[in-house]
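This report refers to the structure that appears directly beneath it.
Bear in mind that the values here come from a model prediction, so they are computed numbers and not experimental data. Each chain gets a letter, A, B and so on, in the order the sequences are listed, and its residues count up from 1.
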Number of protein chains: 2
Amino acid sequence: MAETLTATALTLKDIAREAGVSLATVDRVLHNRPGVRPDTVRRVKAAIERNAFQPHVAAAELARGRARRFAFVMPSGPNPFMQQIEAYLGEMSAWLTVRRLNVELVATDVFDPSVLAGTLETLSGDYDGVAVVALDHPGVRAAINDLVDAGTKVVTLVSDVPSSRRHHYVGIDNIAAGRTAGALVGRLAGQKSGKVAIVAGSQGLRDHAERIFGFNQVMASEFPGLSVLPVLEGRDEDDRSEQVLARLLGKHADIVGLYNVGAGTQGVAKALNDKALNDKALSDAGRNEVVFVGHDVTVLTRRLLLQGVMDAAISQNPGHEARAAVRVLLALARGEPILREQEKIRIDIVMRDNLP
Amino acid sequence: MAETLTATALTLKDIAREAGVSLATVDRVLHNRPGVRPDTVRRVKAAIERNAFQPHVAAAELARGRARRFAFVMPSGPNPFMQQIEAYLGEMSAWLTVRRLNVELVATDVFDPSVLAGTLETLSGDYDGVAVVALDHPGVRAAINDLVDAGTKVVTLVSDVPSSRRHHYVGIDNIAAGRTAGALVGRLAGQKSGKVAIVAGSQGLRDHAERIFGFNQVMASEFPGLSVLPVLEGRDEDDRSEQVLARLLGKHADIVGLYNVGAGTQGVAKALNDKALNDKALSDAGRNEVVFVGHDVTVLTRRLLLQGVMDAAISQNPGHEARAAVRVLLALARGEPILREQEKIRIDIVMRDNLP
DNA sequence: GGTGTTTTGAGGTACGCAACTCATTTTGAG
DNA sequence: CTCAAAATGAGTTGCGTACCTCAAAACACC
């Protein structure tokens, strides 16, 4: 009736006895210290394997004494999503303190490859781990690889550099996110046919490009009644996003769906509202006629969802990302296995009634 | 440019000096041992507060020596969702071992209040923490309170007993889940008007009742064109669910939406498919005409989503629930604060393109 | 066999706390 | 003021590991 899930824990002493060597030798093997014959190394490692030995985390942590230093390299501009990640890191403060972890925020211009690469280089050697919101660029890739070679654990955050040798990526699959947005716009638009607009920050950003790709994929294959208009670029700015969208809405009367890929949500909503007022075309339910899907749950998008202006937000949980990045860095630094399932960031569909 | 998020860690010795007492007295206060004057207790506690002192987790863990025992009281029947939770607990095995945690699974008939209460009573005293999938019933409530009084930490899992003194609930807000389901059925049904069917396990189950409540709330207030038919009870069994639904589908030709509140999904899908075949009414996109929203991502619902038979699944992440329950029990046992944001279980909307 | 080098063993110390003992001081009741 | 009880200080041990030193043993090479 009762089933136990845990093995009895061995200690280093047990491993030493098993392998027929002294504690000192096991210690040398465990920490890759020199002065052990290859044959002995093999014997010790065999004993460790055989017993699935894992060092007692608490004891190891206590013994090593010095704190670990992690750096979070984040965009310097005022990006609400990034600010949320930083806020959640702040909330972890007590958690970090009792584990003797030092987390430092490093603000930099992540959109300028050379600046970002330069920042990463200054970090080398000083940190046990680095989490970075990275731009995918050869210079950045090289800087990441240098960090890895120096022994620093590196995770990319939100935006990946798959071609680098970073140890882990904490973020969503942006193609799937775009597909999800497409499916939502298509399904929520109902039987209607018409045009669909896309507002992005820039098609040069990897994550935006991937989202657009996924979105178009779904629209093309599943919603033949809807035609996607050329992508508008709003540079993630409110004013510019509003302008370009307003112009487009003026030109096409039959726009039934809108996908806002990045930020600039305020501007997008404004353009949409102005149009609705002009048309005097708010439906009875108080909902805008144009299906509006965007990204991330912020103060603003939360309000838009509650008002019915926005129909759904594709979200990646910033708290989860912050904690996952720290946990992954810690596990990497300790040599512990990573709970992939736990650290995976999901694509959340957030509508009015399941607002977190 | 670089901002540090962590405080420098104090030790018990520092607190002792601050409070002007010896280590022994601090220890007595910290562990509620007798023999300390109230005034001294206050001084020590003040010093602890003032410095936001938290014992070094690793050192405390190492010193206490004995392992902690947690019990998970789970339904004995073959419930896919519960099996997933158990599977994820199994995956944590290494994580648990390293932290000297013993987790035991206790299978019992959670639907029989007296049996469940009896099982909980046998656990008293032997465990540091208990997670239980609880039925809300006076006998169960009393058993939970007894456990709490005995010093055991108790969390309710998936299904809550809010009137008990359990320390924490790990699960979703089922009313909000029902509302979300309602919004999805309504929106995905588009402009259509017609009837909506509900299949539940039993209206006597608290979680099912709450979901239905939320669902009806949204339907009534936002989708006046849709009328909800009386709830069918399928007892979470495939055969029975199929029968009752098939009968209903035969009687009403204008059913445009279906909400499956609990399990029995296989049967529900079968009834729906048979109807579609009869009507020869599959749409061009291969999608069933009836909007079908259910709960939980299992092997079955995953297939149904991919096939387009099912339109959305409301899901609570079983892996997250398993890990959150363990983490909460551990934090409670250690007297650490709980990261509420982290342990909160979200209502996930899962459609084909964001299947986890 | 002798030399120098490499490998191994033995042991210690420190980490911060829990849990305990025992001696000493303080306190309050009579 | 006395004496027992209560409160407090001082100290020890152990948890499992990291990291270090020093000496002994094993080995390679000529």
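- When rounded to the nearest whole Å, the span between CG of B/Leu62 and P of D/dG14 equals 13 Å.
- Going from atom CD of A/Glu61 over to atom C1' of D/dA18 covers 11 Å, rounded to whole Å.
- D/dT8 atom P lies 15 Å from atom CZ of B/Arg33, rounded to whole Å.
- Separating the CG atom of A/Leu30 from the C1' atom of D/dC19 is a distance of 13 Å, rounded to the nearest angstrom.
- A distance of 7.0 Å separates CE in A/Met92 from CZ in A/Arg327, rounded to the nearest 0.5 Å.
- Heavy-atom contacts of chain B under 4.0 Å fall on DNA chain C between two terminal nucleotides, which in 5' to 3' order are C/dG16 to C/dT27.
- The side chain of B/Arg28 places no N or O atom within less than 4.0 Å of a non-bridging phosphate oxygen (OP1 or OP2) of D/dT8.
- Toward the 5' end of DNA chain D, the nearer of the two residues A/Leu23 and B/Pro38, judged by each one's closest nucleotide, is B/Pro38.
- B/Ala24 comes within 4.0 angstrom of a nucleotide base, judged by non-hydrogen atoms across all strands.
- Scanning both residues, B/Ala19 and B/Val44, for their nearest heavy atoms gives CB-CA, 4.0 Å.
- The partner of C/dG30 is D/dC1, by the rule that a Watson-Crick or G-U pair needs both atom distances under 3.5 Å.
- Shortest non-hydrogen contact noted between A/Ala58 and B/Leu62 is CB-N, 4.2 Å.
- Here the C1' atom of nucleotide D/dA28 and the CZ atom of A/Arg37 are 11 Å apart, to the nearest Å.
- Checking the phosphate oxygens (OP1, OP2) of D/dG9, a side-chain nitrogen or oxygen of B/Thr25 falls inside 4.0 Å.
- Closest approach to the A/Asp27 side chain among D/dG16, D/dG14, D/dC19 is made by D/dC19 (side chain taken as heavy atoms from C-beta onward).
- Between B/Ala331 and B/Ile338, the shortest heavy-atom contact is CB-CG1, 4.1 Å.
- The residues A/Arg69 and A/Asp126 are annotated as not salt-bridged, no charged nitrogen and carboxylate oxygen being separated by less than 4.0 angstrom.
- A/Glu61 pairs with exactly one of A/Arg99, A/Arg66, A/Arg334 by the salt bridge (charged side-chain N to carboxylate O under 4.0 Å, His left out) rule, that one being A/Arg334.
- The CZ-C1' distance, from B/Arg17 to D/dA10, rounds to 17 Å in whole Å.
- Nucleotide D/dT17 holds its P atom 13 Å from the CD atom of A/Glu336, rounded to whole Å.
- When heavy atoms are screened at a 4.0 angstrom cut-off, A/Arg66 is found touching the sugar-phosphate backbone but no base atom.
- Taking each heavy atom of A/Ser124 and A/Leu147 in turn, the nearest pair found is CA-CD2, 3.7 Å.
- Contact of B/Arg100 with D/dG16 (side chain to base): no donor-acceptor pair of N or O atoms is detected under 3.5 Å.
- Between the CG atom of B/Leu12 and the P atom of D/dG9 there is a distance of 14 Å, rounded to whole Å.
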